[in-house]
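One structure is given here, and the rest of the page talks about it.
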Amino acid sequence: MTRYKKVDVGNKAYTIDLDTNKITWIIPWLIWLLPNQVYVESSKQPIEEKEKKPKKGSIILGSSALASVLIRNTDKSFGEIPSLAAYPLLTSFIILGVSIGIFCYRYYFFKKEELSAGDWKSKSSDALLIKLNHRPAKLIIKVLFGVFFMSLILYFFVSIFITKGNILGLGIYCFLLLNIVFRNYYEGVPVSADFSILKK
């Protein structure tokens, strides 16, 4: 996972900064509808993308600990904690705190990637802007559908956590929010896209 991706424009290769527009942290499907900053490559491979495999041991350990807490604190319905449901204001603050924490983590990752790319960026030529010449209706429909669907899903699980005190709702909310704020890294380049380079 990296914020920098190689893109071929015409007969030249560039490295694109997928975090040019911070709004894509919230609406990641806008990534190819907005201009993005690119750098002219000074070498054939300025960035080494290494895929990190998740550690199965930590996932199993974390899942076991979460299951243990849920089993000890649930009432009739799995995951529901009556004491949380009795204080909706407190649960709302928990949701707010979790959201702020996730975006702080996103910003930390943003700065970390920027620092790690400092060497090759300093050797690149002046930054340019790359944009899609034509904005296909499919991309616009994808943005609208993505915003509506994810908003509906997030609202559903937030309401479960606040109204019923179901801790599973908070867990799924965290997972979905993390998926949204990092999704722009995984949005593929549109097929047969026609790009143009614009100087700042």
Side-chain angles (χ1 to χ4, degrees), residues 1-9 12-56 58-59 62 98-124 127-133 135-136 138-154 157 171-198 200:
M1 180 171 62
T2 175
R3 62 180 275 195
Y4 300 101
K5 178 184 290 187
K6 293 182 181 180
V7 173
D8 292 327
V9 183
K12 295 183 179 181
Y14 299 87
T15 300
I16 184 171
D17 183 358
L18 299 177
D19 275 348
T20 302
N21 304 287
K22 304 305 180 293
I23 192 174
T24 58
W25 295 9
I26 304 174
I27 310 177
W29 304 278
L30 286 174
I31 183 67
W32 298 116
L33 291 178
L34 299 174
N36 291 282
Q37 194 172 45
V38 298
Y39 301 89
V40 180
E41 294 187 6
S42 56
S43 61
K44 293 183 178 180
Q45 294 181 344
I47 302 177
E48 295 182 0
E49 298 183 5
K50 297 180 180 179
E51 183 179 356
K52 295 182 180 180
K53 297 182 179 180
K55 296 180 180 179
K56 296 182 179 180
S58 60
I59 296 176
V98 167
S99 302
I100 293 174
I102 288 176
F103 279 100
C104 286
Y105 172 71
R106 182 66 168 84
Y107 181 76
Y108 164 78
F109 195 90
F110 163 79
K111 297 299 292 185
K112 181 180 178 181
E113 288 280 290
E114 185 175 7
L115 292 174
S116 64
D119 293 337
W120 67 263
K121 282 174 65 176
S122 62
K123 298 177 183 178
S124 300
L128 308 171
L129 285 181
I130 183 174
K131 81 168 189 175
L132 197 62
N133 287 335
R135 301 183 179 184
K138 290 183 179 179
L139 283 179
I140 298 176
I141 293 175
K142 182 179 181 180
V143 171
L144 295 176
F145 177 78
V147 171
F148 172 77
F149 182 74
M150 296 307 295
S151 297
L152 188 64
I153 295 296
L154 290 177
F157 285 108
I172 298 176
Y173 168 77
C174 293
F175 173 78
L176 290 174
L177 190 58
L178 279 169
N179 178 67
I180 290 174
V181 298
F182 282 103
R183 185 176 177 82
N184 64 319
Y185 287 178
Y186 302 103
E187 285 293 312
V189 180
V191 179
S192 301
D194 181 18
F195 290 100
S196 65
I197 296 295
L198 301 175
K200 275 189 171 182

Drop me the distance from [X]'s [atom1] to [Y]'s [atom2], to the nearest 0.5 angstrom.
X	Y	atom1	atom2	answer
N184	I23	CG	CD1	11.5 Å
F109	D19	CZ	CG	9.0 Å
I153	F149	CD1	CZ	4.0 Å
L176	F157	CG	CZ	6.5 Å
T24	L34	OG1	CG	8.0 Å
N179	I102	CG	CD1	11.0 Å

Heavy-atom pair with the smallest gap, counting every atom of [X] and [Y]:
X	Y	value
L177	L154	N-CD2, 4.3 Å
E187	K142	OE1-NZ, 2.8 Å
P28	I180	CG-O, 3.6 Å
N36	I31	ND2-O, 2.8 Å
W25	Y107	CH2-CA, 4.0 Å
V147	W29	N-CZ3, 3.8 Å

Would you indicate whether the side-chain heavy atoms of [Y] and [X] approach each other to under 4.5 Å?
X	Y	answer
Y105	L178	yes
Y4	D17	yes
N21	L30	no

Would R183 and M150 count as a side-chain contact (heavy atoms from CB on, under 4.5 Å) here? Give the steps.
CA-CA 12 Å; R183 185 176 177 82; M150 296 307 295; over 6 Å; no
Using 30° and 60° as the class boundaries, would you call the ring planes of Y185 and F182 parallel, tilted or perpendicular?
perpendicular
